[in-house]
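Take a look at the structure set out below.
Labels below follow one simple rule: chain letters A, B, ... track the order of the sequence lines, proteins then strands, and each chain is numbered from 1.
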Amino acid sequence: MATERYNPRASEPKWQKAWDDAKLFETKNDDPRPKYYVLEMFPYPSGRIHIGHTRNYTMGDVVARYKRAKGFNVLHPMGWDAFGMPAENAAMQNKVHPKDWTYQNIATMRAQLKVMGLSIDWSREFATCDVDYYHRQQMLFLDMAAKGLVTRKSSKVNWDPEDMTVLANEQVIDGRGWRSGALVEQRELTQWFFKITDCAQDLLDSLDGLNEWPEKVRIMQQNWIGRSEGLLIRWPLSADTAPAGETELEVYTTRPDTIFGASFMAISADHPLAKKAAENRPELAAFMEDVRRMGTSVAALETAEKKGMDTGIRVVHPFDPSWTLPVYVANFVLMDYGTGAIFGCPSGDQRDLDFANKYGLPVVPVVMPEGGDAKTFQVTEEAYTDDGVMINSRFLDGMKPKEAFNDVASRLEQISTGNRPMGERKVQFRLRDWGISRQRYWGCPIPMIHCQECGVVPVPKADLPVKLPDDIDFDKPGNPLDRHPTWRHVKCPNCGKDGRRETDTMDTFVDSSWYFARFTAPWENEPTDPKAANEWLPVDQYIGGIEHAILHLLYSRFFTRAMRDTGHVGIAEPFKGLFTQGMVVHETYRAGSGQNGRWVGPSEVTFDESDGKRSAKLIETGEPVEIGALEKMSKSKKNVVSPEDITDGYGADTARWFMLSDSPPERDVEWTDDGAAGAHRFVQRVWRQVSIAGETLAGVAPAASADGAAGAVSKAAHKALKAVGEDIEKLAFNRGIARIYELVNNVAGPLGEIGEGKGDDALKAAARQATEILVHLLAPFMPHLAEECWATLGGKDLVSDRAWPTFDPALVVDNEIVYPVQINGKKRADLTIARDADQVTVEKAALALEAVQKALDGKSPRKVIVVPQRIVNVVA
RNA sequence: GCGGACGUGGCGAAACUGGUAGACGCAAGGGACUUAAAAUCCCUCAGCCUCGGCUAUGCGGGUUCGAUCCCCGCCGUCCGCACCA
């Protein structure tokens with residue numbers, strides 16, 4: 001019979017409406033079935049959804065639909081991470097209000113997402129810039145402040161003196177503001193912090209329990225928290241060189257064992273001692289100013305060439321009063337870590353060695369490899385950082401570094417300088433407190449009031465929300481909240497006198513640190529409904545980009561603990577399972593050359609191929625175009641593909657299928673037109689096969705067979721059913737898809753025969769069951785096509801509401817298996833034998849094979865290895 | 001600079017716990033059907049030669065009966081580095 005081509009443009013909206021009408025994806029909190037919470041990291045409403053977003057959401061959707069079919073009450077919500085700088089940038093550039101810009105983008109992007117047919121509970125949707133949401137965030141902030149989890153302290157920011165604004169690290173380019181081009185200054189501001197360091201040990205220890213997280217993410221977090229056990233050492237200043245009032249320099253070190261290899265002290269440009277030393281040394285002050293120009297980012301500081309300048313100050317060695325060492329200001333020492341001062345041991349640290357070589361400082365090796373010769377062992381270009389034996393270290397000589405560490409520690413603990421011991425053991429974390437103050441408009445206002453009389457006073461909960469004023473302008477430099485004529489003026493809730501509002505808003509990471517909890521009861525007046533939150537949380541499967549491996553996930557872990565301590569949830573860890581997916585990348589195209597070069601989009605380019613070489617040119621002018629590297633899709637490189645580029649023609653199912661096939665989900669996938677066309681061919685192929693046989697099969701009762709042609713069909717279907725279920729559980733979507741391709745290949749012949757009116761009853765019954773299984777396997781990936789096929793088979797209900805089929809264990813194992821037979825590790829033959837044959841039987845049968853006989857040439861084998869169900873290896 | 005990953009045919013990849021390297025798909029080539037095209041179906045498809053082999057999982061070593069997988073050392077690419085989200 002003739003079949004029409006499948007038309008996704010007609011089918012997809014039809015089924016989406018059917019799902020909506022049945023409210024299939026609206027989740028009830030009081031549903032008694034076991035719960036499953038799947039969540040994809042919510043998007044920033046940048047303007048348009050691109051194909052990379054949809055890959056992420058499709059993965060979550062496959063899981064959601066599969067778990068629903070497996071009988072779970074699934075929560076699969078969506079929202080918008082809607083505060084942040086791009087809205088303010090748009091306001092400055094295009095004179096559009098951040099609020100209008102954001103909500104317009106959300107409307108556009110929501111419409112784009114709906115086309116994808118995602119099984120999302122849209123009734124729970126919210127944006128973090130909704131007053132309803134940030135109102136509750138302010139409540140949380142006040143509760144956390146009351147619990148002592150919030151603090152204020154001074155911290156550095158990048159200051160653009162021309163735009164009168166604080167710059168993000170990414171806005172500092174080569175020490176200048178990205179917009180103004182002015183040299184960036186550093187300013188100390190008093191800012192709000194969450195005391196995440198109070199939880200450092202717990203955040204570290206609890207990583208062990210997150211066994212459904214990728215190992216690499218746990219390692220990254222572990223390193224980020226950076227626990228170290230070391231020693232504080234107080235080096236007395238040589239009196240004749242010390243600035244007035246200064247007597248010692250406190251350094252933190254994890255290698256006190258190398259103390260006899262010390263050849264200099266290095267302190268941060270922000271260290272108080274450096275500032276004092278610079279007071280009457282202009283060249284030092286200038287150098288320090290230079291260092292500060294690098295910005296506040298650690299990466300910039302550490303990538304820069306190592307530089308330093310002698311302060312003229314000298315310290316005295318703790319174990320030798322006659323030994324003094326110079327104190328340098330160095331650009332690679334950070335005030336934020338430890339004490340902002342280190343002692344440099346060039347032989348044991350590459351950075352110190354480079355520094356010493358540059359400034360002609362001594363290099364004394366103090367650790368050498370076991371069995372080395374202390375007299376000749378030298379360090380010149382490469383520091384020795386491994387374990388070994390102490391040398392050139394007086395009373396430490398011959399010890400292992402670890403013993404030396406303890407020896408130095410206990411000796412220094414006994415000596416005192418000032419009123420304190422010269423050495424003190426200390427556990428140090430690299431993790432710093434979480435600075436949440438942003439001097440920006442488009443964020444959640446920090447609900448605090450500054451009063452001359454009473455100091456900093458929290459806004460009473462009854463007075464919440466502190467709403468952002470709408471009447472603002474971005475024409476002048478600086479923070480619009482600061483400039484607003486009335487907003488900041490407020491009575492002190494304590495004494496009633498004039499006070500002023502805090503004009504800092506919160507880091508947008510705060511917004512995303514609890515949205516997953518809000519989804520469990522977004523209608524609540526309190527931030528959460530603890531009962532609902534405790535039932536749903538932790539999120540069973542969280543899916544998002546690897547770029548969030550540290551900050552977002554660590555902050556969320558901290559915030560969940562803070563919410564627990566303030567009674568809003570009962571758990572500490574928000575995400576049980578974590579999956580980090582790869583990006584969608586695309587070729588880049590560049591027209592023109594040198595200064596006139598410009599990026600052009602895929603839709604502006606046409607391709608030629610000759611002698612296997614692809615070349616490209618502009619469609620409009622024929623100008624040649626250079627085909628560039630695969631890159632993450634970005635507006636600036638113009639290599640963005642929108643979902644509707646595919647959905648308009650091929651439909652959402654094709655887009656969903658393509659994005660999950662081929663590449664493993666954790667890896668990047670390259671978007672190609674050929675790949676999308678191939679995926680669409682498969683959509684049509686499935687439709688053709690099912691509809692050819694559909695008329696006949698609609699009236700057939702499904703039944704499996706064990707033998708013959710029908711048996712082969714049943715076995716293929718049940719094997720695929722088992723494998724695809726397992727693959728989805730493991731999020732191995734690409735493998736599941738390959739299994740579905742195999743199944744379709746396997747049933748193509750029988751379905752064709754049935755379409756021509758051939759085939760016996762057993763085959764028809766097996767084919768009917770296999771097709772049902774196929775439709776259910778397809779449903780998580782291509783839900784619209786699955787519904788259409790199901791209707792063709794005579795189904796009256798929705799596949800999206802049907803249970804996952806169960807496989808018959810008897811049909812997924814073969815009675816005979818094929819052993820590869822190796823001779824000396826190389827495959828020479830196959831051996832087909834009963835599955836339950838014992839090792840001796842297998843060995844005998846293998847040795848009887850012609851190829852094995854030939855190889856042995858009459859001799860007996862030295863060894864025969866039989867791995868049951870796997871392989872035979874004959875060692876000749 | 002520090003931390004983390006990744007590297008397999010022309011391309012995306014698969015290979016379970018150390019057990020047949022290349023499943024499945026894309027591209028390419030050939031054929032069938034067609035007046036023709038599209039669509040569809042069938043076949044070939046890592047490389048090399050002497051058609052029986054040999055060489056192949058970024059490069060160089062090691063462990064093992066057997067290594068894409070484990071260990072050591074290189075090379076290359078990507079991600080994060082605290083105010084981008």
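In this structure, CG on A:Asp81 lies 9.0 Å from CZ on A:Phe509, to the nearest 0.5 angstrom.
If you check every strand for non-hydrogen atoms under 4.0 Å, A:Gln191 touches a base. A:Leu431 comes within 4.0 angstrom of a nucleotide base, judged by non-hydrogen atoms across all strands. At the heavy-atom level, A:Ile865 lies under 4.0 Å from base atoms of the strands shown. Among the atoms of the strands shown, only primed sugar atoms or phosphate atoms (P, OP1, OP2) are found under 4.0 Å from some heavy atom of A:Asp674. A:Ser512 comes within contact range of no nucleotide atom at all, as no heavy-atom separation falls under 4.0 Å. Nucleic acid contact class of A:Pro664 (heavy atoms, under 4.0 Å, all strands): sugar-phosphate only. Nucleic acid contact class of A:Gln822 (heavy atoms, under 4.0 Å, all strands): base. Among the atoms of the strands shown, none is found under 4.0 Å from any heavy atom of A:Asp336. At a threshold of 4.0 angstrom between heavy atoms, the contacts of A:Lys827 include nucleobase atoms, whether or not backbone atoms are also involved. Nucleic acid contact for A:Asn745: sugar-phosphate only, since backbone atoms but no base atoms lie under 4.0 Å from a heavy atom of the residue. Nucleic acid contact for A:Val217: none, since no nucleic acid atom lies under 4.0 Å from a heavy atom of the residue. Contacts of A:Arg430 with the nucleic acid, taken as non-hydrogen atoms under 4.0 Å apart, include base atoms. At a threshold of 4.0 angstrom between heavy atoms, the contacts of A:Trp224 include nucleobase atoms, whether or not backbone atoms are also involved. Using a 4.0 Å heavy-atom cutoff across all strands shown, A:Tyr819 reaches no nucleic acid atom at all.
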Can you list the steps and then say if A:Asn105 with A:Arg48 is a side chain to side chain donor-acceptor pair (under 3.5 Å)?
CA-CA 7 Å; A:Asn105 286 348; A:Arg48 301 187 62 75; over 6 Å; no
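Centroid-to-centroid, the aromatic rings of A:Tyr133 and A:Trp514 come within less than 6.0 Å. In this structure, the ring of A:Trp434 has its center less than 6.0 angstrom from the ring center of A:Tyr555. Within the 6.0 Å centre-distance limit, the rings of A:Phe332 and A:Phe355 are counted as a close aromatic pair.
Regarding A:Asp81, its CG atom lies at a distance of 11 Å from the C1' atom of B:C84, rounded to whole Å. In this structure, A:His548 places its NE2 atom 18 Å from C1' of B:G3, rounding to the nearest Å. For the pair A:His680 NE2 and B:A38 C1', the computed distance is 14 Å after rounding to whole Å. In this entry the distance linking CG of A:Leu554 with P of B:G3 reads 19 Å, nearest Å. Rounded to a whole Å, the CD1 atom of A:Ile550 is 12 Å from the P atom of B:A5. For the pair A:Ile871 CD1 and B:G66 P, the computed distance is 12 Å after rounding to whole Å. Rounded to an integer number of Å, the gap from OH of A:Tyr6 to P of B:U40 is 17 Å. The CD1 atom of A:Ile737 sits 12 Å away from the C1' atom of B:A13 (whole-angstrom rounding).
The aromatic rings of A:Phe194 and A:Phe558 sit tilted relative to each other, their planes meeting at an angle between 30° and 60°.
Closest to the A:Met85 side chain, of the nucleotides B:C84, B:A82, B:A23, is B:C84. Closest to the side chain of A:Val298, out of B:C83, B:A82, B:C65, is B:A82. Distances were taken from every side-chain heavy atom of A:Arg438 (C-beta onward) to each of B:C54, B:C83, B:A82; the shortest belongs to B:C83. The listed nucleotides are B:G19, B:C79, B:C2; the one nearest the side chain of A:Glu302 is B:C2. Residue A:Arg688 places its side chain closer to B:U40 than to any other of B:A23, B:U40, B:U20. Taking the side chain of A:Arg685 as heavy atoms from C-beta on, and the options B:U55, B:C83, B:C41, the nearest nucleotide is B:C41. The A:Lys216 side chain lies nearest to B:G4 when the options are B:A13, B:C24, B:G4. Out of B:U40, B:A5, B:A13, the shortest distance to the side chain of A:Arg667 is found at B:A13. The A:Asn223 side chain lies nearest to B:G4 when the options are B:G4, B:G12, B:G1. With B:C54, B:A82, B:C24 as the choices, the nucleotide that has an atom nearest any side-chain atom of A:Ala738 turns out to be B:C24.
Side chain A:Arg351 to base B:C2: no donor-acceptor pair is found below 3.5 Å. No hydrogens or angles were tested; on distance alone, nothing pairs the side chain of A:Glu666 with the base of B:C6 as donor and acceptor under 3.5 Å. Under 3.5 Å, the side chain of A:Asp662 and the base of B:G12 form at least one donor-acceptor pair of N or O atoms. Interface remark: the A:Gln439 side chain does form a donor-acceptor pair with the B:C83 base, using a distance-only criterion of under 3.5 Å.
When the side-chain nitrogen and oxygen atoms of A:Arg681 are compared with OP1 and OP2 of B:A27, one or more of them lie within a distance under 4.0 Å. Contact annotation: A:Thr508 reaches the phosphate of B:A85 (side-chain N/O to OP1 or OP2, under 4.0 Å). Residue A:Asn824 places none of its side-chain N or O atoms closer than 4.0 Å to OP1 or OP2 of B:G66. One finds a side-chain N or O of A:Ser663 lying less than 4.0 angstrom from the OP1 or OP2 phosphate oxygen of B:A13. The phosphate of B:A21 has neither OP1 nor OP2 within less than 4.0 Å of any side-chain N or O from A:Lys826.
Take the nearest nucleotide of RNA chain B for A:Ile219 and for A:Gly675: the residue whose nucleotide is more 5' is A:Ile219.
No more than 12 heavy atoms of other residues, nucleotides or ligands sit less than 6.0 Å from atom CD of A:Glu381.
Using N1 to N3 plus N6-O4 or O6-N4 for Watson-Crick, or N1-O2 and O6-N3 for G-U wobble, each under 3.5 Å, B:U44 pairs with B:A28. Searching all strands for a Watson-Crick or G-U wobble partner of B:G7 with both distances below 3.5 Å returns B:C75.
One N or O on the side chain of A:Asp160 and one on the backbone of A:Asp163 form a donor-acceptor pair closer than 3.5 Å.
Glycosidic conformation at B:G47 (O4'-C1'-N9-C4 for purines, O4'-C1'-N1-C2 for pyrimidines): anti, more than 90° from 0.
Looking at A:Gln191 and A:Gln439, their side chains do bring a donor and an acceptor atom within 3.5 Å of each other.
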